[in-house]
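Right, one structure below, let's go through it.
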Protein chains: 2
Amino acid sequence: MAEQRNTRQRRAVKGVLDQLEGFHSAQEIHEFLRDSGEQIGLSTVYRNLVSLADANEVDALRNDEGETLYRRCSSGHHHHHLVCRTCGKTVEVDGPAAEQWAESIASAHGFKNVSHTFEIFGTCEQCQR
Amino acid sequence: MAEQRNTRQRRAVKGVLDQLEGFHSAQEIHEFLRDSGEQIGLSTVYRNLVSLADANEVDALRNDEGETLYRRCSSGHHHHHLVCRTCGKTVEVDGPAAEQWAESIASAHGFKNVSHTFEIFGTCEQCQR
DNA sequence: AACGATTTGACAATCGTTCTCATTAGTGTT
DNA sequence: AACACTAATGAGAACGATTGTCAAATCGTT
């Protein structure tokens, strides 16, 4: 259906995500690209991030302020994150127990079509100094 | 320091929260008040909700779309929610296990000043019809 | 009733994100 | 390589939720 064209800009966005550690906002990513000399529009960055997230090629999550943050995800399966508020450094976390717990709570109350968010934010060791 | 005045508007906002089931956005609450014949500005609703949330008199959380939703919380202690996307109906949920799990993950990686979000969204039985 | 400080409300401003639409550029075909 | 067809881009406008501004209204106290 949606044929993805391999444009210079899309390549660039993917490229940054490989270089950057942890989660970053679309605007940060745009700024980074511009600083790297890449000519790319902000809308394009947004569009590509959204489409990459739809295609499950990157992880997306919302931080405390409601911004969406993106990160190239290593594993293909569902997981959660421990994210540093300051530098975006991320630890990937599995929580099968929590997973199941959410599921069972939901179905116990007759809820369908369930999604959940489970993210941990904090300040990493480095940024504490 | 901040002495809270008991204004008609603040009373009204608290009042709605008592009447309304589940989580609702500031705008919904404003609309509801207006429909009830209460004359109140949108900014005022926002301000009161924020201050009530700060005072821990109401619960606040962000939904999938990044909107902030509010609800008068029954219990004073920390808890999570199972929220219906459609009507806002809410089940209050305790997850001591999940709680501790988050804590231990965070400290294991040297993160301080940790906060977490754990909310479950779905469609409740009624709204499935 | 009067006072001084806090709140209010209408509206402007902000911030992240999405939309619009004319232009550009992949991709498959001669 | 030149074409054609269509998706992707970019600049800026538009949007939606939320916050800021500031004069006017209101609360609680004297």
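Quick caveat: nothing in here was measured; it's all calculated off a predicted structure. These numbers come from the heavy atoms of this one structure, side chains and all, not from hydrogens, waters or symmetry mates.
Distance from the side chain of Q9(A) is smallest for dG10(D) among the nucleotides dA10(C), dT8(C), dG10(D). Closest to the side chain of N6(A), from the set dT19(D), dT27(C), dT9(D), is dT27(C). Comparing dT8(C), dG10(D), dA11(D) against the side chain of I40(A) picks out dG10(D) as the nearest. Of the candidate nucleotides dG9(C), dT9(D), dA11(D), dA11(D) has the atom lying nearest to any side-chain atom of S43(A). Relative to the side chain of Q27(A), the nucleotides dG16(C), dG28(D), dA25(C) differ in distance, and dG16(C) lies closest. Comparing dT6(C), dG16(C), dT9(D) by their nearest atom to the side chain of Y46(A) picks out dG16(C).
To the nearest angstrom, P of dT9(D) lies 14 Å from CZ of R34(A). Atom pair R47(B):CZ and dT6(C):C1' shows a separation of 11 Å (rounding to whole Å applied). Distance R11(A) CZ to dA25(C) P: 13 Å, rounded to the nearest Å. The interatomic distance linking I29(B) (CD1) with dT18(D) (P) rounds to 10 Å, in whole Å. Protein atom CG of N63(B) is 10 Å distant from nucleotide atom P of dA17(D), rounded to whole Å. Regarding H30(A), its NE2 atom lies at a distance of 15 Å from the P atom of dT18(C), rounded to whole Å. Regarding E38(A), its CD atom lies at a distance of 14 Å from the C1' atom of dG10(D), rounded to whole Å. Distance E31(A) CD to dG16(C) C1': 15 Å, rounded to the nearest Å.
D18(A) meets the salt bridge (Lys or Arg N to Asp or Glu O under 4.0 Å) test with R72(A); sequence neighbours excluded.
Across all strands, Q39(A) comes closer than 4.0 Å only to sugar-phosphate atoms, never to a base (heavy-atom distances). Within 4.0 Å of T68(B), counting heavy atoms only, lie sugar-phosphate atoms of the nucleic acid but no base atom.
If you find the closest nucleotide of DNA chain D to A26(B) and to R8(A), the one lying nearer the 5' end belongs to R8(A). In terms of position along DNA chain C, the nucleotide closest to Y70(A) lies nearer the 5' end than the nucleotide closest to the other residue of the pair Y70(A) and R5(A).
OP1 or OP2 of dG9(C) has at least one side-chain nitrogen or oxygen of T44(B) nearer than 4.0 Å.
Between R85(B) and D64(B) there is a salt bridge, since a side-chain N of the basic residue sits under 4.0 Å from a carboxylate O of the acidic one. In this structure, R8(A) pairs ionically with E38(A), as a charged nitrogen and a carboxylate oxygen lie closer than 4.0 Å. Taking 4.0 Å as the cut-off between side-chain N and carboxylate O, R71(A) and E21(A) do not count as a salt-bridged pair.
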Verdict with reasoning, F118(B) to W101(B), per ring pair (Phe, Tyr, Trp, His ring centres under 6.0 Å):
CA-CA 12 Å; F118(B) 194 176; W101(B) 176 71; 8.2 Å; no
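Pair check for dT30(D) finds dA1(C); Watson-Crick or G-U wobble, both atom distances under 3.5 Å.
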